[in-house]
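What follows is a single structure, written as structure tokens, with notes after it.
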Amino acid sequence: MDLFSNVEIERINFLRRELNRHNYLYYVQSEPEITDYQYDQLMKELQQLEKLHPEMADPNSPTLRVGNDINQNFVQVAHKYPMLSLGNTYNEADLIEFDQRIQRALGHQPKYICELKYDGASISLTYQHGQLVRAVTRGDGEKGDDVTANVRTIKSVPLQLPTADYPDFFEIRGEVLMPLAVFDKLNAERIANDDQPFANPRNAASGSLKMQKSAEVAKRNLDCWLYFLFADQLPTNSHLQNMNKCREWGFKVPTYTAECNSIADILKFIEYWDEERRNLPFDIDGIVIKVDDIRQQDELGYTAKSPRWAIAYKFKAEQVETELQSVSFQVGRTGTVTPVANLAPVHLAGTVVKRATLHNDDQIKLLDLHIGDIVQVEKGGEIIPKIVGVNTSKRSAQLRPVEFVTHCPECGTQLVRTEGEAAWVCPNADHCPPQIKGRIEHFVSRKAMNIETIGEETIDLLYKAGLVSNFADLYTLTIEQLLPLDRMAQKSAENIIKGIADSRKAPFEQVLFAIGIRYVGATVAKMLASAMGNITAIMNATVDQLTAIDEIGEKIATSVVSFFADAENCNLISRLQSYGLQFEMVKSEAKSNKLEGLSIIASGKLQRYSRDEIIKTIEAHGGRAVTSISKLTNYLIAGENIGPNKLAKAQQLGIPIISEEEFEKMIGE
């Protein structure tokens, strides 16, 4: 390589560092040092030099911020640290109870950090050696879509960090947002082009993040705020200090935070932002409260879905009045009949609302609804519209009350209502069309068998053509049967058959969720599959055996036993087994069975394992890692600064308390 080339390569590296620095100053600090013209000139120079030196290609170069036109098929990537959701509330009483529960568990008043709850799309960014290597959406919490190419176009996301004291490998999480000004401009352009406008900035941000061409994403001018750091070795034991470190490293970390030492401080912060949020340049929908101390977070632990050390307070939803024009009744896959209010169209929280849920017959009676009433509508959690009241002062005498139907609106079967249940149900499960199609839709859904090539319309076509009457029938379909269907081309038919064939690889816990046992969601299915091991054990289990599993209550257990007491359900399982679906847990990286049958909890700061590593090690040796102490717990692995209450509970129940060294002797390491 000649001297001139060396100079050019040095210039490329210099320009990349400079442009990254100016991106940070402009998009994160809002303190630009140069004009837009000067920035553009530096960018053009770098583009020209990179063309001359293709060997210097780098996916994190500032020149690639504009994205490209290559179509993307998003790959599913497992999260190293589960991406859980937060428990939430709309009232102060729940916050007070949360604080009291935390104090009881820790034995003292902790310090909290209050942050804004950004209304966008959750994202997890992974950095290695200071470079962005991956960006993944929340997905189902355990795995999400790899949207790295799209996130690289977001100019507030650093692609290369300056030299600093950051860990060699870490994840930082936050929210991808669309600023309100950008949202308004985008919708104005869409309306001018006769395109459907976006309902709200959150939908616009989420939709933009999933676009197939990153060049189009780049035009959306998305922003990204980061608010949590994950690493095996964190910089400090304080969440707030860790985020201050992240800001030093070049990340856009919110300054809208407060340290709170009491529930009074928290409520004051909420009161302030309930009003001030209207002056922000982006949408928020609440406040997040977190315990600041990382060791205390570890001690408090997690439920299956959310951390016990954090909670979200959601602002009360916007409310409007409109006319109740009629009520229709929908039948779900479990036979539950749900009333739906049909409303005079009205604007609410950025969308036009025409329908609202009424939940059940009791809700109709509680509201004393009449057709023609002027009703008060709001969005529960600002997502699903619901009727919360009636303006009876505007009710005329001739209006008639809403009557719940007595027979299924789809098949005509008389509805039944189990004592203690709120729902009316159509018992004609095997012959009621929406129940049949609903179970198949659930079976092919993403968290279940994930057959992406089959949607609601295709299922409707298959059912009407008499090709399927249950989800097991999917595995008997052929291309020749599909081709005569409306709008079905050869390629579409091939993709459907391939999607069905590929679904045979879905793990047991997904299959168990897919078959649609009432009250058995994805999380419960995973617990059942892990605890019982195979479908035969579950089919033969008693209520007592099932309730012995952590977090499986009598309601779920009874539902499971009832499901397999039905001969038709057992026949479906038998057919699925014959088609090659997975009905047994496959233990990955199994090292031994030395912990088989043992439930083990780890608490406190461990020296040799991260939280995820200790869980994987327990499971690799046949044990079950649990998150809370009960009489069924066999061992407690005690780390540093273990909470006194947890220790006391273990001692009270007579649970052996062991060190990391003793644990490793148990597994022979």
Side-chain angles (χ1 to χ4, degrees), residues 23-25 27-31 79-86 102 110-128 130 132 135-136 138 151 154 156-177 223-261 265-266 269-270 272-273 280-282 284 286-298 300 302 306-313 605 610-611:
N23 276 331
Y24 171 71
L25 290 171
Y27 292 102
V28 180
Q29 296 288 80
S30 299
E31 297 174 356
H79 294 296
K80 179 178 179 181
Y81 308 95
M83 207 163 175
L84 306 176
S85 57
L86 290 179
I102 296 294
K111 179 170 76 174
Y112 296 106
I113 303 301
C114 286
E115 304 169 342
L116 305 187
K117 187 175 182 298
Y118 301 91
D119 200 13
S122 298
I123 197 74
S124 180
L125 309 177
T126 299
Y127 285 79
Q128 191 162 19
L132 174 68
V136 184
R138 180 192 298 279
V151 168
I154 302 174
S156 54
V157 173
L159 305 180
Q160 171 70 61
L161 303 180
T163 302
D165 57 345
Y166 44 76
D168 189 57
F169 181 93
F170 67 90
E171 285 185 35
I172 185 168
R173 290 180 179 169
E175 209 86 0
V176 172
L177 303 170
D223 202 354
C224 184
W225 291 83
L226 288 311
Y227 48 66
F228 207 84
L229 178 68
F230 285 90
D232 288 343
Q233 293 295 325
L234 291 168
T236 78
N237 191 48
S238 160
H239 162 66
L240 181 61
Q241 290 178 28
N242 287 339
M243 296 319 299
N244 289 339
K245 277 284 186 184
C246 292
R247 189 182 295 109
E248 292 174 11
W249 300 339
F251 292 103
K252 191 166 187 176
V253 174
T255 55
Y256 311 100
T257 58
E259 297 180 58
C260 297
N261 294 304
D265 292 345
I266 293 171
F269 186 84
I270 289 171
Y272 174 81
W273 281 107
L280 288 167
F282 47 78
I284 66 171
I287 298 297
V288 175
I289 301 100
K290 300 172 182 173
V291 171
D292 181 55
D293 190 292
I294 304 298
R295 285 191 295 262
Q296 292 173 1
Q297 291 181 5
D298 290 340
L300 292 164
Y302 301 79
S306 59
R308 291 190 174 97
W309 43 264
I311 192 170
Y313 176 88
K605 180 69 174 177
S610 68
R611 185 187 303 114

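All residue numbers in this chain count up from 1 along the given sequence. Keep in mind the model is a prediction, meaning the values are calculated, not measured.
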Does some side-chain heavy atom of [Y] sit less than 4.5 Å from a side-chain heavy atom of [X]?
| X | Y | result |
| --- | --- | --- |
| Leu125 | Val151 | yes |
| Ile102 | Pro110 | yes |
| Val176 | Ile154 | yes |

Non-neighbouring partners of [X] that pass side chain to side chain contact (heavy atoms under 4.5 Å, CB included), sequence neighbours left out:
| X | answer |
| --- | --- |
| Asp293 | Asn237, Arg295, Gln296 |
| Lys111 | Glu259, Asn261, Asp292 |
| Glu175 | Tyr118, Ser122, Leu177, Tyr227 |
| Asp168 | His129 |

Under a 3.5 Å distance rule, please check whether [X] uses its side chain to pair with a backbone N or O of [Y] as donor and acceptor.
| X | Y | answer |
| --- | --- | --- |
| Ser156 | Cys224 | yes |
| Arg138 | Ser124 | no |
| His239 | Ile294 | no |

ask   = Is a salt bridge present between Lys117 and Glu115, judged by a nitrogen-to-oxygen distance below 4.0 Å?
value = no
query = Centres of the Tyr127 and Trp249 rings: under 6.0 Å?
reply = no
message = Please determine whether ring pair (Phe, Tyr, Trp, His ring centres under 6.0 Å) holds for the pair Phe251 and Trp225, giving the CA-CA distance in whole Å, both sets of side-chain angles, and the decisive distance to 0.1 Å.
response = CA-CA 8 Å; Phe251 292 103; Trp225 291 83; over 10 Å; no
ask   = Can a cation-pi geometry be assigned to Arg173 and Phe230, taking NZ or CZ under 6.0 Å from the six-membered ring centre and within 45° of the ring axis?
value =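 Yes, a cation-pi geometry holds between Arg173 and Phe230.
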request  = Kindly write out the residues that satisfy side chain to side chain donor-acceptor pair (under 3.5 Å) with Thr236, not counting sequence neighbours, or none if the list is empty.
outcome  = Asn242
remark   = Taken in chain and number order and not counting sequence neighbours, the residues that satisfy side chain to side chain donor-acceptor pair (under 3.5 Å) with Trp273 are none
